[in-house]
Enquirer: 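Pasting in a structure now, in structure tokens, and then I'll have a few things to ask.
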Amino acid sequence: MEGSLAILGFWLFMIVLILKKPIAMWIEKSKPAPDKQTESKLQNFEVILHAMAKDLGEIKQLLQAQNTGKDLLELKSALKEIATDSDDSESVDSDEGADKSDSDHDDNSGIELVVRNPDAAASDEDEVDYVDERDDLGSVVDATTIKFERILPGSVEQIWKYISEPELLNQWLCTSARIEPKHHARVEYEFEQEAVSNFIGCARIRGLVSNVDHHSRLCHSWIDSGADVDSEVSYELEAVGDNETKLVVTHSRVPSNKMAEYLSAWHVWLDNLWRRLRGVVPFEDAPTTKLLLPVYSAIVLAAAISSAPAQARLSDQDYQTVKAERKVLLDKFDVHWHKADSLEREIFDLKRDNSRESDDRANQLSKSLDDEHRDLRKLELDIRDLDKVLI
């Protein structure tokens, strides 16, 4: 019986093996062939898909060119050629040049180089508003002054807190802030070493409050001894619209070789402030300081071209002498700043002790601290006077 089953299984296997190919061919032939209309549609779809892929590739290239400032780099190159041509030309009368300079300088604000986010067409109304406000470019006021004007969501009181309270400054400007909105108070900002610090050369900014009008105006010096920068920043606030505030940031006495960098940095910082106020998560291709640098380099160059002819400069020897004196004053500023730090720490420790002797000692040190603040302010003014000579 078992032998018969084995023989039967063998022959069944052989029959299936022999008939497998003919059966498969019969099934394949029995399938209905696609008609010519369907085949034509498939071919058309294939052509359309290829065209769409090509178009998408071109759109991607355009967006990449926009995000890398390709057009702006070309503009910058063209402006350099104009500057070279203007330097070579000696036929312009000085009075005419001055008149032209004034008119050109007035028109400088009309230069509109806008960096747009490729996601600006988002349906979310907030995102569209954000792009419009974020793209307000800074302007060059004069050879050493830059300015930004932004309309921010929030009341004047709310924006004031974001420029005068350390905890809120840490959310948009720096990683660590020290500030008190009162006259001659010390200001200190620290930045992440791999963020803005490597770009504009600042890791630690120090200064003194020079002007304060609560909820309206706040000015303080911006000194970076390491990068040889002694400048000043002012914030001005004005209520506009429904729960909106106009913020004007003016950064003066900026070194000419750092104006584009500071314009780029302030643009990003104010973007951060807007996002913080609106609670908007930054999009992936948000402008960075490096992305914006070609934009502001072109703007700074255009402003330089349109400015009045430079006055006679110091001789090389005098220039180096003034620079050396300025470095000495900056070193003195560092020394007095460290003294003030030590005095503040000692006063803080003494006030924790309630003894009379400690109180008397703390009062004596407070007078010394006031003297240090006066010395710091005087040094600031002396350095500023030397800056005027060097410009």
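What you see is a predicted model, and the numbers here were worked out from it, not measured in a lab.
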Enquirer: Can you name the residues that form a ring-ring contact (aromatic ring centres under 6.0 Å, His included) with His338, not counting sequence neighbours?
Expert: none
Enquirer: Could you list the residues that satisfy side chain to side chain contact (heavy atoms under 4.5 Å, CB included) with Glu149, not counting sequence neighbours?
Expert: Lys147, Lys246, Val248
Enquirer: Applying ring-ring contact (aromatic ring centres under 6.0 Å, His included) as the test, list every pair that has at least one member in residues 362-384; sequence neighbours left out.
Expert: none
Enquirer: Checking Lys332 now: which residues fulfil salt bridge (charged side-chain N to carboxylate O under 4.0 Å, His left out) with it, not counting sequence neighbours?
Expert: none
Enquirer: Which pairs of donor and acceptor atoms, one on a side chain in residues 182-190, lie under 3.5 Å apart (sequence neighbours left out)?
Expert:
from	atom 1	to	atom 2	distance (Å)
His183	ND1	Ser210	O	3.2
Arg186	NH1	Trp337	O	3.3
Arg186	NH1	Asp341	OD1	3.3
Arg186	NH2	Asp341	OD1	2.9
Arg186	NH2	Glu344	OE1	2.9
Arg186	NH2	Glu344	OE2	3.3
Glu188	OE2	Arg204	NE	2.6
Glu188	OE2	Arg204	NH2	2.8
Tyr189	OH	His220	NE2	3.2

Enquirer: Test of understanding: with side-chain hydrogen bond (donor to acceptor under 3.5 Å, both in side chains), list the residues that count as partners of Ser358, not counting sequence neighbours.
Expert: Asp353, Ser355
Enquirer: Checking Thr145 side chain against Val141 main chain: does a donor-acceptor pair fall under 3.5 Å?
Expert: no
Enquirer: I'd like to know if Leu168 and Val268 are part of one continuous hydrophobic network [Ile/Leu/Val/Met/Phe/Trp/Tyr, side-chain heavy atoms within less than 4.5 Å].
Expert: yes
Enquirer: Test of understanding: with salt bridge (charged side-chain N to carboxylate O under 4.0 Å, His left out), list the residues that count as partners of Lys161, not counting sequence neighbours.
Expert: none
Enquirer: Checking Ser221 now: which residues fulfil side-chain hydrogen bond (donor to acceptor under 3.5 Å, both in side chains) with it, not counting sequence neighbours?
Expert: Glu380
Enquirer: Can you list the residues that meet the side-chain hydrogen bond (donor to acceptor under 3.5 Å, both in side chains) rule with Trp172, with sequence neighbours excluded?
Expert: none
Enquirer: Applying salt bridge (charged side-chain N to carboxylate O under 4.0 Å, His left out), name anything that partners Asp228, two or more places apart in sequence or on another chain.
Expert: Lys323, Arg326
Enquirer: Counting N and O atoms only, with roles assigned by atom type, does the side chain of Tyr296 sit under 3.5 Å from a partner on the main chain of Thr289, one being a donor and the other an acceptor?
Expert: no
Enquirer: Kindly write out the residues that satisfy side-chain hydrogen bond (donor to acceptor under 3.5 Å, both in side chains) with Ser231, not counting sequence neighbours, or none if the list is empty.
Expert: His251
Enquirer: Glu346: what forms a salt bridge (charged side-chain N to carboxylate O under 4.0 Å, His left out) with it, not counting sequence neighbours?
Expert: Arg361
Enquirer: Checking the side chain of Thr245 only, and the main-chain atoms of Val156 only, is there a donor and an acceptor separated by less than 3.5 Å?
Expert: yes
Enquirer: Indicate, with yes or no, if the rings of Trp269 and Phe191 have centres closer together than 6.0 Å.
Expert: yes
Enquirer: I'd like to know if the side chain of Asp224 and the backbone of Val229 have a donor-acceptor N/O pair within less than 3.5 Å.
Expert: no
Enquirer: Indicate if Trp274 and Leu263 have the same hydrophobic cluster label, given that clusters are the connected sets of ILVMFWY residues with side-chain heavy-atom separations under 4.5 angstrom.
Expert: yes
Enquirer: Determine whether Trp222 and Leu218 fall in the same hydrophobic cluster, where Ile, Leu, Val, Met, Phe, Trp and Tyr are linked whenever their side-chain heavy atoms lie under 4.5 Å apart.
Expert: yes
Enquirer: Quick one: CG on Leu369 to CZ on Arg374, what's the gap to the nearest 0.5 Å?
Expert: 10.0 Å
